[in-house]
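I have placed the structure first, in the form of structure tokens, so that the comments after it can refer back to it.
Numbering of ligands and ligand atoms starts at 1, following listing order.
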Amino acid sequence: EQEKTILKIGGMTCASCAATVEKALKRTSGVKEVSVNIASEKGTIKYDPSKLSIEELKEVVHKTGYEVLGIE
Ligand code: 9UX
């Protein structure tokens, strides 16, 4: 099972910020693919919805110190 979501992420001001968010998501169980784009401030995530929810994905981002501004 796989779903794709795009999170709008706030507070990333450099490429290192984006890498931090990307790494945190990548090591989360149930996350299949992650791409965080600093310019668009969007994180595209493919994940298994039977393993984790969008709320949990948002929490991972929040715990890295950035904000989830919305879901697309
Ligand atoms: Mo992005 Mo930071 O710079 O200390 S990782 S602002």
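- Under the side-chain contact (heavy atoms from CB on, under 4.5 Å) rule, Ile45 has a single partner from Thr28, Leu7, Ile6, which is Leu7.
- Of the listed residues (Lys4, Gln2, Glu3), just one forms a side-chain hydrogen bond (donor to acceptor under 3.5 Å, both in side chains) with Tyr47, and that residue is Glu3.
- Under a hydrophobic clustering in which Ile, Leu, Val, Met, Phe, Trp and Tyr are joined whenever their side-chain heavy atoms come within less than 4.5 Å, directly or via other members, Ile38 and Leu69 fall into different clusters.
- Under a cut-off of 6.0 angstrom, the local environment of NZ in Lys23 is sparse, with at most 12 non-hydrogen atoms contributed by other residues, nucleotides or ligands.
- Contact record, Leu57 with Val31: CD2-CG2, 3.7 Å, taken as the closest heavy-atom pair.
- With sequence neighbours left out, Lys46 forms a salt bridge (Lys or Arg N to Asp or Glu O under 4.0 Å) with Glu33.
- Ligand 1 is surrounded by Thr13, Cys14, Ser16, Cys17, each with at least one heavy atom closer than 4.0 Å.
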